[in-house]
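Okay, structure first, notes after.
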Amino acid sequence: MSVCPLAERGEGPHHGRATLVGAGPGDPDLLTLRAVKALGSADVVLYDALIDPAILDLVPARARRIDVGKRCGRHAMQQSAINRLIVKEALAGAHVVRLKGGDPFVFGRGGEELDSLRAAGVPVAVVPGVTAACAAAASLQIPLTHRDMSRSLHFVTGHGSDGTVPGHDWTALARAGGTIAAYMAGRTLPVVAERLIAAGMAGATPAVAVEHASRTGERRLFATLGTLPALLAEAGFTGPTLVLIGAVVGLADEAAALQRLAA
Ligand code: SAH
């Protein structure tokens, strides 16, 4: 382990720092205490489009809020510009909180922001957040792993950087027999399902799409891998949607979950 002097770590005269904070899936109750503390000491907060206004209410009035949000592929601010802005504000002496949906390191580009901060010598901390797969599973009472049914959990994206479905190892995914949590797969689900079925996964495998997990207006669509794509297209989920695929989805307590929503 190497020890570097404070000045080299960027803790010199400017005292600026950055914290990458996972905001969780939307419900403020699912923020960590550490996330709340970080927000309370922020001078500047850069936040995404998926951040719920109730969470922004926790930002002190004196702090500046900057919306760097991206909506459905339309980037309000390029990732490189966000990276530069965090560094610039921190070097000017601010405590910059980069508030990100879910967990910063699960399909959140947290790694790219971390690289820029490290390169500029800005001290950085990371606060984990409840990722969408965990929030959706909790809401629907689906155990993501199960000793008898699912021995592995696979987080996959349905949306590559060029907008098409990424070239996952579909055969390995189908053969693993675990639970698949597909992020950003709302629009590409027909292709994702087709590839998994072609790779040997049964079309009858239980699957569910959850829109706005943990938020008011959460919607869910239970089906099978074979039938979910068409049903989802019909239902027209336009908000952030997570798809869970695997035998464990069959354990969901649909009725109880719906009662809770109605309460
Ligand atoms: N870092 C985030 C993921 C960002 S990628 C996390 O850890 O959750 C954005 C994708 O996350 C969305 O397209 C959707 O698939 C999923 N997502 C984020 N919030 C969600 C929510 N409240 N409900 C359902 N899916 C969500």
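Just so you know, ligand 1 is whichever comes first in the structure, and atom 1 is the first atom listed for that ligand. Position 1 is the first residue of the sequence; numbering continues from there.
Considering both main-chain and side-chain atoms, G102 never comes within under 3.5 Å of ligand 1 through any nitrogen or oxygen pair. At least one N/O-N/O distance between P25 and ligand 1 falls below 3.5 Å. Considering backbone and side-chain atoms alike, A132 places an N or O below 3.5 Å from some N or O of ligand 1.
For T131 (side chain) and D103 (main-chain N/O), no donor-acceptor pair under 3.5 Å exists by modelled atom type. In this structure, Y47 contributes its side chain and V97 its backbone to no donor-acceptor pair below 3.5 Å. A donor-acceptor pair under 3.5 Å is absent between the side-chain atoms of E89 and the main chain of L85, judged by distance alone. Between the side chain of T224 and the backbone N or O of T227, at least one donor-acceptor pair lies under 3.5 Å.
The 12-atom threshold is not exceeded at CZ of R175, counting heavy atoms of other residues, nucleotides or ligands nearer than 6.0 Å. No more than 12 heavy-atom neighbours from other residues, nucleotides or ligands sit within 6.0 angstrom of CZ on R147.
For atom 15 (O) of ligand 1, the choice among V130, V243, T241, L242 with the nearest heavy atom turns out to be T241. For atom 16 (C) of ligand 1, the nearest non-hydrogen atom from the set F155, F107, Y183 belongs to Y183.
No side-chain heavy atom of V21 sits under 4.5 Å from any side-chain heavy atom of V45.
Of all atoms in ligand 1, numbered sequentially from 1 with element shown, those under 4.0 Å from a heavy atom of G101 are 1 (N), 2 (C), 6 (C). The distance from ligand 1 to the heavy atoms of D103 drops below 4.0 Å at these ligand atoms: 1 (N), 6 (C), 7 (O). Which parts of ligand 1 touch T131 is read off a 4.0 Å heavy-atom cut-off, strictly below it: atoms 6 (C), 7 (O), 8 (O). Less than 4.0 angstrom separates some heavy atom of V210 from each of these atoms of ligand 1: 24 (C).
Contact annotation: H212 has at least one heavy atom less than 4.0 Å from an atom of ligand 1. G26 does not count as a contact of ligand 1, since none of its heavy atoms falls under 4.0 Å from the ligand.
Contact annotation for T157 and ligand 1: no heavy atom of the residue comes within less than 4.0 Å of the ligand.
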